4 protein chains.
Amino acid sequence: MAHKVSKLFNETLNEMNISAKQKAVLQASLQLFSEKGFENTSTNEIASLANVAVGTVYQQFKSKDQLLQVVIESLIDEVIPKVANEFVAGVKVTQETEFGEFLQNIIQDRMQFAVDNLPQIRVLVRETMVNKKVQQQLQARIVKLPFDRLKDFFADYQQKGQIVEWDFMRIVRYIVGIVGSYIVPIIFSPGQHEADVGQMSHEATEVLIKELKP
Amino acid sequence: MAHKVSKLFNETLNEMNISAKQKAVLQASLQLFSEKGFENTSTNEIASLANVAVGTVYQQFKSKDQLLQVVIESLIDEVIPKVANEFVAGVKVTQETEFGEFLQNIIQDRMQFAVDNLPQIRVLVRETMVNKKVQQQLQARIVKLPFDRLKDFFADYQQKGQIVEWDFMRIVRYIVGIVGSYIVPIIFSPGQHEADVGQMSHEATEVLIKELKP
Amino acid sequence: MAHKVSKLFNETLNEMNISAKQKAVLQASLQLFSEKGFENTSTNEIASLANVAVGTVYQQFKSKDQLLQVVIESLIDEVIPKVANEFVAGVKVTQETEFGEFLQNIIQDRMQFAVDNLPQIRVLVRETMVNKKVQQQLQARIVKLPFDRLKDFFADYQQKGQIVEWDFMRIVRYIVGIVGSYIVPIIFSPGQHEADVGQMSHEATEVLIKELKP
Amino acid sequence: MAHKVSKLFNETLNEMNISAKQKAVLQASLQLFSEKGFENTSTNEIASLANVAVGTVYQQFKSKDQLLQVVIESLIDEVIPKVANEFVAGVKVTQETEFGEFLQNIIQDRMQFAVDNLPQIRVLVRETMVNKKVQQQLQARIVKLPFDRLKDFFADYQQKGQIVEWDFMRIVRYIVGIVGSYIVPIIFSPGQHEADVGQMSHEATEVLIKELKP
DNA sequence: GATGAATGAGAGTTCATTCAT
DNA sequence: AATGAATGAACTCTCATTCAT
């Protein structure tokens with residue numbers, strides 16, 4: 001179930017009807033913005049990583065800011081919904097699935113996803129901190145994500161009396177909080193952790209099951 | 001128990017044996033780095049906010065990078081330990097204090113602290129994402145923070161059988177995770193939330209008590 | 001007698017044996033050079049006003065400079081001689097025509113011509129100021145203009161004792177000077193004057209008759 | 001009576017309270033704008049002619065456009081009024097002065113002035129053709145020039161019956177027209193004419209006296 | 001002939017840093 | 001110690017020109 005954002009990003013670029021060079025520009029931008037941050041990346045660097053002349057960058061994109069916008073918007077408006085859809089659709093659950101197993105699956109999957117896509121997550125996090133427009137776009141997108149199927153599962157477990165009768169958003173908040181307590185340190189310290197997703201997801205599931213008991 | 005980082009930052013500057021002008025420079029730097037980010041702040045802006053000539057900035061500080069270093073180091077090596085000390089020292093607990101009350105106090109206090117010091121937290125978070133040196137410094141400092149007294153309290157509650165026998169770091173991780181699930185959205189969306197610390201800390205305590213039950 | 005330069009320019013283009021697209025390029029160039037000046041006009045703008053791809057511009061013309069050359073040369077070497085010929089040929093004069101009537105006709109005609117063709121005159125004036133080659137071309141052309149018929153008329157009036165025995169060029173200089181004193185302000189302030197050609201030519205004729213009396 | 005605009009321009013710069021380097025920048029700008037036109041002059045060229053670093057140009061002036069503005073405004077709002085004042089004040093005329101002598105003096109003086117200051121006149125002419133703001137500023141300034149003393153002289157000659165009873169502005173128009181018929185060709189062809197101011201002013205005076213007879 | 005994406009030299013501009021005062 | 005004009009490397013961006021399609 002875990003995806004490579006870079007692959008989905010490339011698919012998005014393919015749908016954008018731009019030339020191979022322009023795609024290379026956007027890929028180089030994503031990579032460099034992720035590695036060094038937007039302000040510390042020069043258009044010259046982007047061009048040379050993309051094997052392209054500086055002017056080519058500006059053929060399609062009006063400014064460096066617009067380049068960021070396009071990269072971020074692709075992530076927010078194209079990649080994130082795809083990721084969310086595939087994630088939600090990929091959740092395997094039957095009438096017999098215990099909540100613990102269900103939760104373990106979700107958590108392991110999302111942790112693996114985070115660990116697999118640290119650079120792209122970092123760009124989004126960083127730009128969200130600096131750029132108001134990005135904040136609003138991301139927020140607007142998150143609100144619209146199709147979590148209905150997931151919501152239904154949780155409602156089912158609530159009806160069966162397996163988990164507490166809290167609001168769906170509150171439950172999500174705590175799952176994200178506990179998962180984040182493992183993932184955020186990794187996001188912030190690149191290359192320092194050997195992330196053991198199995199161990200982390202096991203622990204996180206344990207505590208969350210306890211937390212969400214009726 | 002909650003503190004104003006800016007006040008502690010000023011105290012730190014007073015101890016640094018620098019002139020009033022240089023203090024103003026550091027204060028202006030912290031403010032502007034927090035508002036616009038390091039890269040988007042020019043030395044001219046810093047100088048003019050500090051009511052000082054550009055040259056004066058370079059009298060004391062070798063470079064703009066050093067200026068950031070000094071600001072960040074002051075926060076990490078002076079302010080954070082003070083904050084931690086005062087926090088830990090300020091925790092009121094007796095033999096009769098129930099764990100719930102103890103936890104509620106801690107959480108409310110730290111949430112209030114976070115809400116009161118958003119700009120400074122933002123600088124640290126942002127620079128930690130871009131700047132490897134800052135990452136290492138912050139990490140090295142956190143490890144050395146004097147949490148022994150706190151640790152003892154938790155050990156006590158564990159001995160009394162009031163909380164689960166998890167590792168202290170694991171317990172802290174979950175507390176930070178749950179508290180973070182309320183605070184992080186506020187850090188990322190400046191000016192959008194009316195933070196109701198009372199309500200938030202109440203909810204967070206409720207879930208954490210459940211989570212930490214034996 | 002007054003002509004539209006744009007019409008003559010088009011005729012010139014028709015004689016040039018170039019494609020419709022290339023004609024559109026030259027027309028767009030003339031228009032944009034006149035509106036914004038050569039340096040402030042980009043080849044992209046020319047192409048898009050001409051509804052043509054940039055490459056098409058360079059199919060026919062070696063460089064942007066050559067484009068200017070062609071436009072200017074068409075004006076100087078084709079349009080101006082035509083204008084001059086038609087003007088000179090169109091002067092109606094018989095043995096009975098008084099000098100005043102003759103002069104009034106000439107002046108009114110040329111003033112109307114100037115007012116009708118301000119944009120093209122502006123291009124020529126502007127480029128003449130910046131571009132040495134244009135200066136030389138224009139000068140060389142003016143010297144060769146076929147003013148013989150006009151010269152004869154003036155010689156006739158001189159023989160009849162109706163006008164002063166000045167050199168033809170000196171007479172022309174003063175006519176141009178007086179007419180210019182009305183027209184130049186209009187050239188320099190686009191859109192500010194309601195040019196009353198009747199009134200202006202009347203005044204100019206009055207003073208010139210006086211001036212050219214024997 | 002004839003002045004060097006460059007000297008008056010320098011005086012204006014001295015009154016502007018700017019450093020020697022900044023003065024050099026403005027002088028270099030005037031020179032280059034005059035020689036090659038604004039668009040064909042690069043900030044690098046200005047800096048190197050002024051013996052200054054590129055950055056220095058931008059220390060005082062926000063943009064290349066502002067540099068032009070400052071140069072033009074100095075000419076229009078400082079130099080031109082000074083020139084006009086000195087010219088009008090310098091006109092020597094007594095009750096005995098014949099109109100012809102009076103006119104000859106004026107014309108020779110202004111022709112000499114024009115010939116002596118061709119570069120600066122060229123900048124103004126050229127920018128007036130391209131730049132609407134300059135047009136308005138120049139026009140607004142010309143209207144306010146203090147020609148009262150001159151007007152009185154002409155009124156005197158009119159009362160004495162020595163010249164025709166035309167409106168002052170109409171008389172000025174024709175003087176400018178005739179003088180212009182000698183000067184404009186020189187403005188437009190730099191370095192081609194050996195301007196014989198004596199001969200030119202003599203001819204111009206001759207025709208103007210005739211023209212302005214009652 | 002026509003196209004327009006690609007090119008890269010060079011433009012205007014910024015800004016961390018220096019240094020004479 | 002403080003000043004701020006001066007510096008120039010490096011940035012973003014433009015645009016005349018080319019060339020594979």
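What you see is a predicted model; the values in this text were computed from it and never measured. Letters go in sequence order (proteins before strands), and every chain restarts at 1.
Note on Q22(B): only backbone sugar-phosphate atoms sit closer than 4.0 angstrom, heavy atoms only; bases stay farther off. Among the heavy atoms of the strands, none lies under 4.0 Å from V57(D). No engagement by Q60(D) is indicated, since no non-hydrogen atom pair under 4.0 Å with the nucleic acid exists.
If you check dA1(F) for Watson-Crick or wobble pairing at under 3.5 angstrom, you find it has no partner at all.
Listed for the R126(B) side chain is no donor-acceptor partner under 3.5 Å among the backbone atoms of R126(A). A distance-only check finds no donor-acceptor pair linking the side chain of K23(A) to the backbone of M16(A) [under 3.5 Å].
The distance from the CD1 atom of I76(D) to the CG atom of L124(D) is 5.5 Å, given to the nearest 0.5 Å. To the nearest 0.5 Å, atom NZ of residue K82(A) and atom CG of residue L75(A) are 11.0 Å apart.
Spacing between atom CZ of F61(A) and atom C1' of dA6(E) amounts to 14 Å, rounded to whole angstrom units. For K21(D) and dG4(F), the NZ to P distance is 19 Å, given to the nearest whole Å. Distance CG (N51(A)) to C1' (dG8(E)): 15 Å, rounded to an integer number of Å. The nearest whole Å value for the distance from the CD atom in E45(A) to the P atom in dA9(F) is 19 Å. As rounded to whole Å, 15 Å separates atom P of dA10(F) from atom CG of N40(A). Rounded to an integer number of Å, the gap from CG of L26(A) to P of dA5(E) is 15 Å. Distance, K23(D) NZ to dA6(F) C1': 17 Å, rounded to whole Å. Taking atom CG of L67(B) as the reference point, atom C1' of dC15(E) lies 15 Å away to the nearest angstrom.
A sub-4.0 Å separation between OP1 or OP2 of dG1(E) and a side-chain N or O of T56(C) is absent.
Comparing dT21(F) with dG1(E), their C1' atoms sit 13 Å apart, to the nearest whole Å.
Along DNA chain F, the nucleotide closest to A20(D) and the one closest to V52(B) are compared, and the more 5′ of them pairs with V52(B).
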message = Go through it in stages, so that I can follow the logic: the residues are Q27(D) and Q31(D), the test is side chain to side chain donor-acceptor pair (under 3.5 Å), and I'd like the CA-CA distance, side-chain angles, deciding distance and then a yes or no.
response = CA-CA 6 Å; Q27(D) 282 163 350; Q31(D) 183 182 331; over 6 Å; no
request  = Take nucleotides 16-21 of chain F nucleotide by nucleotide from the 5' end and write B, S or -, depending on whether a protein heavy atom sits under 4.0 Å from the base, only from the sugar-phosphate, or from neither.
outcome  = BBB---
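Applying the 6.0 Å contact sphere to CG of N17(C) captures no more than 12 heavy atoms from other residues, nucleotides or ligands.
Ion pairing of E35(B) with R122(B) is absent here, as no side-chain N (NZ or NE/NH1/NH2) approaches a carboxylate O to less than 4.0 Å.
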